[in-house]
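Each remark here refers to the structure printed beneath this line.
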Amino acid sequence: MAKRFSTGRIKTHRVYTVWEVSDVLGCHRQTVIRWIKHGGLIADTSSKPWLIEGRDLKAFLGARQTKARCKLALHHCYCLGCKAPQEPDGKIADYVQQTPVSGRLMGLCPSCGTLMNKVVRRADLEAIRAKIEVTVQKANPRLVSRVDPPSNVTLEQEAKPHGKAQQG
Ligand SMILES: [Zn+2]
């Protein structure tokens with residue numbers, strides 16, 4: 001039985017390193033690396049450190065836990081709002097290529113309007129397109145432009161006032 005991880009401490013709009021993910025979830029970093037390499041967790045691995053978006057991590061863990069209970073249909077996404085699998089509203093979804101073999105399927109939840117997304121294999125795209133209408137988009141450079149500053153750069157500012165002590 002797959003271990004359940006709480007997604008409560010994951011911030012959707014934060015970008016995490018592998019170390020930070022393992023820290024937040026309390027799992028081994030090798031587990032996180034395995035998810036990225038073999039499990040379909042989206043990460044920017046074009047440079048070190050690897051970066052994972054909070055929302056990708058949440059979606060990955062949500063889908064993983066759903067998968068443990070019931071199989072998510074290829075053309076269904078896990079809605080974080082409903083906490084249930086949903087078919088994209090209007091049977092319309094976007095596919096954004098992320099790696100040569102996988103990408104992100106995105107659609108709106110028909111119940112609550114939440115933007116849902118999940119990682120799908122490029123090879124599964126045709127099967128998904130048989131069920132719903134999928135618009136294929138080019139890779140989004142968003143991650144590249146949001147890379148955090150290197151962790152060895154200290155951003156702390158000197159709090160002490162700069163002026164010299166006034167001596168009578
Ligand atoms: Zn929903």
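Indexing begins at 1, ligand by ligand and atom by atom, following the structure's order. Quick note: numbers below take in every heavy atom, side chains included, and nothing from hydrogens, waters or symmetry partners.
Within the 4.5 Å cutoff, no side-chain heavy atoms of Thr114 are placed close to those of Gln86. For the pair Arg14 and Leu57, the minimum side-chain heavy-atom distance is 4.5 Å or more. Under the 4.5 Å side-chain criterion, counting only non-hydrogen atoms from C-beta, His75 is in contact with Glu87.
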Side chains of residues 23-40: which donor-acceptor partners sit under 3.5 Å, not counting sequence neighbours?
residue: His28; atom: ND1; partner: Gln30; partner atom: N; Å: 2.9
residue: Thr31; atom: OG1; partner: His28; partner atom: O; Å: 3.4

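Paired with Ile52 under the rule side chain to side chain contact (heavy atoms under 4.5 Å, CB included), one option of Ile10, Thr17, Ile42, Val21 passes, and it is Val21.
For the atom pair CG (Leu115) and CG (Leu80), the distance works out to 10.0 Å, reported to the nearest 0.5 Å.
Neighbours of the Zn ion (ligand 1) restricted to protein N, O or S atoms under 2.8 Å: the count is 4.
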